[in-house]
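Hydrogens, waters and symmetry mates play no part in the numbers below; they use all other heavy atoms, side chains included.
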Amino acid sequence: MSESKDFLRLKVEEDLASGKYTEVITRFPPEPNGFPHIGHAKSICINFGIARDYAGQCNLRMDDTNPTTEDTKYVEALKDAVTWLGFNWHGKVRYASDYFPKIYDYAVQLVKMGKAYVDSLNEEEIREYRGSVTEAGRRSVYANRSIEENLDLLERMKKGEFKDGEHVLRAKIDMSAANMKMRDPLLYRIRHAHHFRTGDEWCIYPMYDFAHCLSDYIEGVTHSICTLEFENNRDIYDWVLDALELTPPRPYQHEFARLGINYTVMSKRKLLELVNGGYVNGWDDPRLPTIAGYKRRGYTPESIINFCEQIGIAKANSMVDVAQLEFCIRDDLNQKVPRVMCVLDPLKVTIENYEGEEEIEASYYPHDVPKEGSRKLPFAKEIYIEREDFMENAPEGYYRLTPSQPVRLKHAYILTCKEVIKDENGAIVELKATYHPDSKSGADTSGIKTKSAIHWVSAKHAKHIEVRLYERLYKVDAPDGLEDLNPDSLHVNTHALIEPAVISEKIDVRFQFERQGYFYADPIDYTDAKPVFNKIVGLKDSWAKKSEAPKNTPKVEAKKAHIEGDVAPMNDEEKARFESYTKSGLNAEIANTLARDEKLSSFYDATLLHVNSPTSIANIVANEVARELKKELPLHFTAQDVAELVKMLDEGVISSKIAKEVFEVMLQTGEKPHAIVESRGLKQISDPAVIEPLIDEIMAKNPENVAKYQAGNTNLFGFFVGQVLKLSGGKANPNVVNELISKKLNHG
RNA sequence: UGGGGUGUCGCCAAGCGGUAAGGCACUGGUUUUUGGUACCAGCAUUCAGGGGUUCGAAUCCCUUCACCCCAUCCA
């Protein structure tokens with residue numbers, strides 16, 4: 001199966017192919033009022049990705065229409081994010097505020113056209129007048145102001161003659177619109193506030209719904225891609241551009257589902273709360289799903305982009321498993337990063353039969369990573385191993401060091417435990433061990449088989465580092481508020497010991513600490529005196545899974561019982577129709593469908609006048625015609641046309657498959673059924689002598705499917721029927737085809 | 001309750017009347033001086049439920065249910 005395209009790309013291709021646009025222009029339009037998170041990364045990948053794929057351009061535009069929440073520091077963060085991800089915006093960074101003069105002119109024009117008015121209701125009244133989802137709103141008395149008065153007021157609003165909230169400019173649309181957004185939406189509000197770019201030049205600011213579509217238009221954007229919650233706003237988007245009667249081409253809005261990831265939050269409000277409340281250490285806290293956070297943690301842009309590609313683009317609200325993101329960063333780093341040894345929880349081991357010290361040449365990369373490079377690993381009498389790599393009473397399946405089980409020291413020798421030393425509390429404080437001189441890595445003649453190799457560092461040569469270990473920020477998969485925060489999301493380990501080359505050679509900033517995970521030299525806090533590493537992500541650990549998970553709570557959620565709701569009762573008229581339909585032999589379902597729909601039933605009645613074939617007509621009307629009627633577009637066919645089609649169907653001139661094809665053509669061209677059948681030679685073929693060779697041909701072409709079918713895969717039956725039908729140009733009588741195929745497949 | 005959307009494996013997601021793609025997760029096995037990686041195998045007789053149309057339905061029709069968005073002078 002080839003790669004499938006998402007619905008946005010499909011739409012772009014369609015628009016390019018139809019000539020609607022000659023080039024594609026997209027834009028990434030964030031509001032600079034917070035740090036971008038991985039949801040923005042998804043949007044960035046979509047907008048810049050589409051522009052790249054279709055040789056178009058993508059603009060970076062700050063949607064800075066609300067001076068009270070926006071700031072230039074967020075602009076920088078946004079630019080950083082796009083750049084870090086590896087995208088280049090077209091030309092300069094754009095700002096909606098650049099277009100304020102033009103947008104104001106458009107507002108004046110709308111007023112002149114009588115399509116916008118200055119309202120002087122207060123905020124509370126406006127809310128009240130808007131009505132509710134079930135009740136229509138009422139229009140303000142101020143909507144009757146003359147164009148001259150509106151023009152005057154708007155100009156004085158702009159000049160700053162009024163206080164905040166005294167007036168607003170509204171579109172004159174429909175206060176009883178079912179879409180609440182269309183109830184005379186606000187276009188401009190007065191805000192005597194300092195804007196981070198335009199300063200005090202303006203005291204009225206356009207609302208999102210007015211500024212956004214116009215900004216898109218001004219930039220020549222073709223596809224204005226946003227998230228699902230703006231679906232209702234699309235009507236305003238279209239209204240504004242239509243009302244202004246702008247010269248084409250104009251942009252169209254398309255919506256996709258925003259990204260959700262479990263165990264974290266993505267809303268700006270909640271992120272801001274975490275940062276401002278000190279629950280995390282700034283916007284770039286590695287536990288945050290912000291781009292800055294991932295960057296600080298050590299994620300690569302490649303891994304984030306790959307993640308965005310993997311999760312796809314669709315319209316279903318979804319919550320992606322963090323495991324998918326973790327897979328992406330592991331997958332990326334596995335091929336790139338040097339392996340080194342670091343002991344996080346040291347247990348001292350004294351090798352009693354080793355004296356002096358030596359340096360072991362050790363490759364930075366495992367055999368399956370095609371990269372070159374090695375470092376010198378000091379080895380001596382005293383080493384540290386990971387505390388959890390030794391067990392005095394090990395369970396079945398434990399591969400590491402025990403009093404009776406030797407283990408290989410990675411890159412070095414095999415070690416056998418001789419004595420366990422404990423403190424007064426019984427805690428293990430040290431191991432006495434011996435090494436096998438003839439077991440050196442690469443030159444092992446000892447013949448000893450070990451079950452695993454563990455990491456270690458030389459006590460004398462190891463360096464102290466700080467390691468910051470991160471757990472998920474929230475303890476529940478769908479966190480709501482601060483109460484869901486994981487209190488143990490950050491562990492600072494200051495007693496970790498690392499092999500010296502990492503500090504002295506610094507061949508990279510990201511490493512795999514063998515058997516533990518991927519780590520990143522913190523770009524801010526790392527100093528030579530005090531090296532600091534962030535844990536990016538752990539390695540997969542199938543041993544931990546096996547040993548620690550003693551049957552996770554099965555939590556087999558019983559499937560919720562499906563409750564069948566009541567069907568709306570029929571009124572008397574519908575009941576009468578239903579009765580008469582069932583009496584004439586229609587099945588209850590079809591009779592029900594027709595009876596409940598005035599338009600359908602009258603179409604059915606009209607068709608019946610031309611040909612007396614109730615069942616066939618009813619089926620085609622209740623199914624095919626119903627679909628067309630739903631579209632609320634003018635019909636290109638009449639009851640008589642349908643009657644003609646039914647007659648051919650009843651007489652066996654055409655099969656039901658052909659009937660659908662003919663109906664399709666009727667829809668498109670308005671041709672008469674007979675003419676369609678004649679001109680395309682669609683008469684059904686029922687002669688076995690004609691059909692049989694077709695079947696033979698298909699069977700000969702697909703021997704493995706024949707074998708599979710005969711081995712029991714009866715699903716394949718449909719495949720053969722489909723192929724034969726296709727080969728016959730859709731004309732073979734399906735009943736005959738079925739019969740013949742069945743005979744050949746089962747007895748041939 | 002009006003309007004707008006969405007329901008395909010544990011999580012994403014293709015599919016557009018003719019063999020239910022793919023990724024993550026999971027489960028076995030092989031390789032391995034990382035319990036990593038890589039490789040092999042397994043993992044939806046069924047597409048939210050119920051009907052209908054059709055030789056054939058995840059796809060078309062009817063209907064029910066569930067979830068999300070909309071009543072900021074936010075975006």
Side-chain angles (χ1 to χ4, degrees), chain A residues 1 3-4 31 33 63 65-66 69 123 126-127 130-135 137 164-165 168 177-181 183 186 188-191 207-209 212 228-235 255 257 262 268 310-312 314-321 323-324 327 330 334-335 339 366-369 399-400 408 410-411 441 444 450-455 512 514-516 539-544 546 560 562-567 587-590 592-593 596 619-620 622-624 626-627 655-657 660 705 708 713 715-723 725-726 733-735 737-739:
Chain A
M1 292 293 141
E3 283 273 296
S4 49
E31 184 191 10
N33 69 344
D63 218 346
T65 57
N66 184 359
T69 56
E123 201 170 337
I126 287 179
R127 211 187 341 269
R130 191 144 37 215
S132 72
V133 289
T134 49
E135 299 159 59
D164 285 11
V168 290
N179 178 356
M180 297 282 300
K181 297 266 179 197
R183 322 253 255 228
L186 274 61
Y188 265 98
R189 78 287 215 186
I190 301 170
R191 275 259 215 288
M207 302 290 291
Y208 165 84
D209 283 309
H212 200 90
L228 246 30
E229 65 271 27
F230 291 99
E231 274 173 326
N232 294 322
N233 300 253
R234 189 175 58 225
D235 283 346
E255 311 87 10
N262 57 13
K268 274 188 193 171
Q310 282 187 12
I311 57 175
K315 297 192 74 162
N317 285 317
S318 55
M319 181 82 90
V320 178
D321 195 334
Q324 186 107 24
F327 167 82
R330 280 193 204 105
N334 176 47
Q335 288 298 313
R339 271 60 168 180
H367 63 93
D368 50 1
V369 171
Y399 295 166
R400 287 104 101 151
R408 158 142 252 132
K410 176 95 182 175
H411 294 123
S441 188
D444 184 359
T450 56
K451 287 203 170 106
S452 70
I454 64 171
H455 58 280
Q512 184 195 107
E514 289 236 30
R515 304 207 301 134
Q516 306 201 99
L539 255 28
K540 277 179 74 174
D541 190 348
S542 55
W543 165 245
K546 230 180 272 178
K560 275 185 206 155
H562 177 85
I563 298 153
E564 209 55 29
D566 293 332
V567 179
N587 77 40
E589 191 63 31
I590 297 282
N592 186 49
T593 303
R596 282 171 181 279
N619 285 344
I620 213 161
N623 289 289
E624 317 304 315
R627 177 174 61 247
S655 64
S656 64
K657 187 186 180 74
K660 292 200 179 181
N705 278 348
K708 273 199 228 164
N713 187 350
N715 275 351
L716 251 20
F717 194 82
F719 163 77
F720 288 109
V721 177
Q723 290 295 306
L725 248 32
K726 195 171 164 193
N733 180 331
N735 288 309
V737 172
N738 267 281
E739 201 176 306

Syn or anti for B/U72? Use the chi torsion, O4'-C1'-N9-C4 for purines and O4'-C1'-N1-C2 for pyrimidines, with syn inside 90° of 0. syn
The residue, A/Tyr208 or A/Ser656, whose nearest nucleotide of RNA chain B is more 5′ is A/Ser656
Phosphate OP1/OP2 of B/C73 contacted by A/Arg191 side-chain N/O (<4.0 Å): no
If a protein heavy atom is under 4.0 Å from the base, mark B; if only from the sugar-phosphate, S; if neither, -; do that for nucleotides 23-30 of chain B going 5' to 3'. BSSS----
Between the protein and nucleotides 43-46 of chain B, which nitrogen or oxygen pairs come in under 3.5 angstrom?
none

Under 3.5 Å donor-acceptor, A/Asn738 side chain and A/Pro734 backbone: yes
Between B/U32 (P) and A/Trp543 (CH2): distance, integer Å: 21 Å
Between A/Ile563 and A/Gln723, which residue's closest nucleotide on RNA chain B lies nearer the 5′ terminus? A/Gln723
Any N or O donor-acceptor pair under 3.5 Å from the base of B/G35 to the side chain of A/Arg400? yes
Measure from the side chain of A/Glu123, starting at C-beta and using heavy atoms only, and say which of B/A75, B/G35, B/C73 lies closest. B/C73
Should the pair A/Arg234-A/Glu231 be classified as a salt bridge under the 4.0 Å nitrogen-to-oxygen rule? no
Report which part of the nucleic acid A/Arg408 touches: base, sugar-phosphate, or nothing (heavy-atom distance under 4.0 Å, all strands). base
Indicate, with a heavy-atom threshold strictly under 4.0 Å, whether A/Phe717 touches base, sugar-phosphate, or nothing. nothing
Taking any strand in view, what nucleotide pairs with B/G35 in a Watson-Crick or G-U wobble way, both distances under 3.5 Å? none
Taking A/Leu539's backbone N and O only, do any of them form a donor-acceptor pair with A/Arg515's side chain (distance below 3.5 Å, no angle check)? no
Look at A/Thr593 and B/G52 and indicate whether a side-chain polar atom (N or O) is within less than 4.0 Å of OP1 or OP2. no
Please state whether the phosphate of B/C73, meaning OP1 or OP2, lies under 4.0 angstrom from any side-chain nitrogen or oxygen of A/Arg130. yes
Figure out the CD/P separation between A/Glu564 and B/A48, and round it to whole Å. 15 Å
Here the distance between atom P of B/U54 and atom CG of A/Asn623, to the nearest Å, is 8 Å
By the Watson-Crick or G-U definition, both distances under 3.5 Å, B/C55 is matched with B/G18
Classify every nucleotide of nucleotides 2-7 of chain B by which part a protein heavy atom approaches to under 4.0 Å, writing B for the base, S for the sugar-phosphate alone and - for neither, in 5'-to-3' order. BBSSS-
A/Arg127 meets the side chain to side chain donor-acceptor pair (under 3.5 Å) criterion, sequence neighbours left out, with none
Can you tell me if the side-chain N/O atoms of A/Asn619 get under 4.0 Å from OP1 or OP2 in B/U54? yes
Could you list the residues that satisfy side chain to side chain contact (heavy atoms under 4.5 Å, CB included) with A/Asn179, not counting sequence neighbours? A/Lys181, A/Met182, A/Asn232, A/Asp235
Looking at every strand, decide which applies to A/Gly565 at a 4.0 Å heavy-atom threshold: base, sugar-phosphate, or nothing. sugar-phosphate
Which residues satisfy the side chain to side chain donor-acceptor pair (under 3.5 Å) test with A/Glu31, sequence neighbours excluded? A/Asn33, A/Thr69
Could you tell me whether A/Asp235 contacts a base, only the sugar-phosphate backbone, or nothing, with contacts defined as non-hydrogen atoms closer than 4.0 Å? nothing
Just to confirm, is there a sub-4.0 Å distance from OP1 or OP2 of B/C74 to any side-chain nitrogen or oxygen of A/Arg189? yes
OP1 or OP2 of B/G35 under 4.0 Å from side-chain N/O of A/Arg515: yes
Compare the ring of A/Tyr399 with the six-membered ring in the base of B/G35 and state whether they stack (centres under 5.5 Å, planes under 30°). yes
